[in-house]
Amino acid sequence: MASFLQSFIDPRKNWLAKQHMKTLSSRLRRYGLRYDDLYDPYYEVDIKVALNRLPREIVDARHQRLKRAIDLSMKHEYLPEDLQAMQTPFRSYLQEMLAFVKRERAEREALGALPLYQRTLP
C-alpha cells in the first residue's frame, strides 16, 4: 500500500504530480521563493528550532526572499524573466536540519527524557 502511495505522489511516475510540481515551480519562480520558504515557524515548533540552528546567512537570505516576495505581491508584479530563470525553487536548505530536529525529538521522547526547553508557540 505504501509503495502505491509513493508512486502516486512521485512526479516521475504520475503525470498529475508532475503537473502540480511544474505549476508550483513556476509560481515560486515568479516571486523568487524556494519551497522551504513556505514553512511557517509559528505553525510548528520543530521548524522554529531548525531555523534557529541554521547558519545566520542562510536565515538572512530566507528573510530577504520573503520580503521581496511580499513587496512584489503588494505591487502586483512578478520578478523579471531573466531573474525568474535563475531561481531554484526546489533547492532545499531546511529539510536536513528539520529531519535532524524531528529525529532528536523522537529520540528524547523514546528515552523518556525531559525536554531541554519548553516547546510552545507564542
Side-chain angles (χ1 to χ4, degrees):
M1 186 66 166
S3 63
F4 172 73
L5 291 176
Q6 285 293 71
S7 66
F8 186 70
I9 61 172
D10 186 8
R12 294 176 298 222
K13 297 179 182 177
N14 187 344
W15 182 81
L16 289 174
K18 187 175 184 177
Q19 290 302 109
H20 173 71
M21 191 169 182
K22 186 177 177 182
T23 303
L24 183 61
S25 174
S26 69
R27 289 184 180 183
L28 289 173
R29 284 177 195 267
R30 288 179 189 169
Y31 294 106
L33 291 173
R34 290 187 181 172
Y35 187 75
D36 287 350
D37 294 337
L38 302 178
Y39 287 111
D40 186 8
Y42 294 113
Y43 181 71
E44 189 177 345
V45 178
D46 289 339
I47 294 169
K48 183 177 180 180
V49 172
L51 284 172
N52 287 338
R53 292 184 182 183
L54 287 175
R56 189 75 193 148
E57 54 272 359
I58 293 176
V59 176
D60 288 343
R62 177 183 194 267
H63 290 162
Q64 189 65 33
R65 284 191 300 272
L66 290 170
K67 286 180 186 179
R68 177 178 59 189
I70 291 170
D71 183 50
L72 289 170
S73 177
M74 294 298 287
K75 293 177 181 178
H76 299 283
E77 295 177 359
Y78 298 128
L79 277 178
E81 293 293 328
D82 56 333
L83 289 178
Q84 284 185 30
M86 293 173 25
Q87 301 303 312
T88 54
F90 292 109
R91 186 172 168 200
S92 178
Y93 62 90
L94 184 63
Q95 293 298 322
E96 290 178 13
M97 186 61 72
L98 185 59
F100 179 74
V101 168
K102 287 185 178 190
R103 279 194 316 267
E104 192 177 70
R105 180 177 48 86
E107 180 181 354
R108 290 188 67 78
E109 288 175 0
L111 293 174
L114 294 174
L116 294 174
Y117 43 83
Q118 187 64 30
R119 297 174 62 91
T120 60
L121 294 174

K.L.:
Using a strict threshold of under 4.0 Å (side-chain N to carboxylate O), is an ion pair present between Arg53 and Glu104?
P.N.:
yes
K.L.:
Going through the distances and angles, do Arg105 and Glu109 end up as a salt bridge (Lys or Arg N to Asp or Glu O under 4.0 Å)?
P.N.:
CA-CA 6 Å; Arg105 180 177 48 86; Glu109 288 175 0; 3.6 Å; yes
K.L.:
Could you measure the distance from the OG atom of Ser92 to the OH atom of Tyr35? Nearest 0.5 Å is fine.
P.N.:
10.5 Å
K.L.:
CD/Glu96 to CG/Leu54 distance, rounded to the nearest 0.5 angstrom?
P.N.:
10.0 Å
K.L.:
Quick one: side chains of residues 62-72, donor-acceptor pairs under 3.5 Å with protein atoms, not counting sequence neighbours, listed by atom name and distance.
P.N.:
unit_1 : atom_1 : unit_2 : atom_2 : d
Arg62  : NE     : Tyr93  : OH     : 3.0
Arg62  : NH2    : Asp37  : O      : 3.4
Arg62  : NH2    : Tyr39  : O      : 2.5
Arg65  : NE     : Asp37  : OD2    : 2.7
Arg65  : NH2    : Asp37  : OD1    : 3.1
Arg68  : NH2    : Gly32  : O      : 3.1
Asp71  : OD2    : Lys75  : NZ     : 3.2

K.L.:
Looking at every non-hydrogen atom in both residues, tell me the closest pair between Leu51 and Val59 and how far apart they are.
P.N.:
O-CG2, 3.4 Å
K.L.:
Which value, rounded to the nearest 0.5 Å, describes the distance between Leu24 atom CG and Arg27 atom CZ?
P.N.:
8.0 Å
K.L.:
Indicate yes or no: does Arg103 engage Glu107 in a salt bridge with an N to O separation below 4.0 Å.
P.N.:
no
K.L.:
Provide the full list of ring-ring contact (aromatic ring centres under 6.0 Å, His included) pairs with a residue in residues 9-28, sequence neighbours left out, each pair given once.
P.N.:
none
K.L.:
Are Arg29 and Ser25 close enough, and set up right, to give a side-chain hydrogen bond (donor to acceptor under 3.5 Å, both in side chains), and what steps lead you there?
P.N.:
CA-CA 6 Å; Arg29 284 177 195 267; Ser25 174; 3.2 Å; yes
K.L.:
Taking distance alone, no hydrogens or angles, what donor-acceptor pairs closer than 3.5 Å link side-chain atoms of residues 77-90 to residues at least two apart or in another chain?
P.N.:
unit_1 : atom_1 : unit_2 : atom_2 : d
Gln84  : NE2    : Leu79  : O      : 2.8
Gln87  : NE2    : Leu83  : O      : 3.1

K.L.:
Minimum heavy-atom separation for Asp36 and Leu94, please, with both atom names.
P.N.:
OD2-N, 2.9 Å
K.L.:
Using the rule given for side-chain contact (heavy atoms from CB on, under 4.5 Å), can you reason through Ile47 versus Leu98, listing the C-alpha separation, both sets of side-chain angles and the distance that settles it, and then say yes or no?
P.N.:
CA-CA 6 Å; Ile47 294 169; Leu98 185 59; 3.9 Å; yes
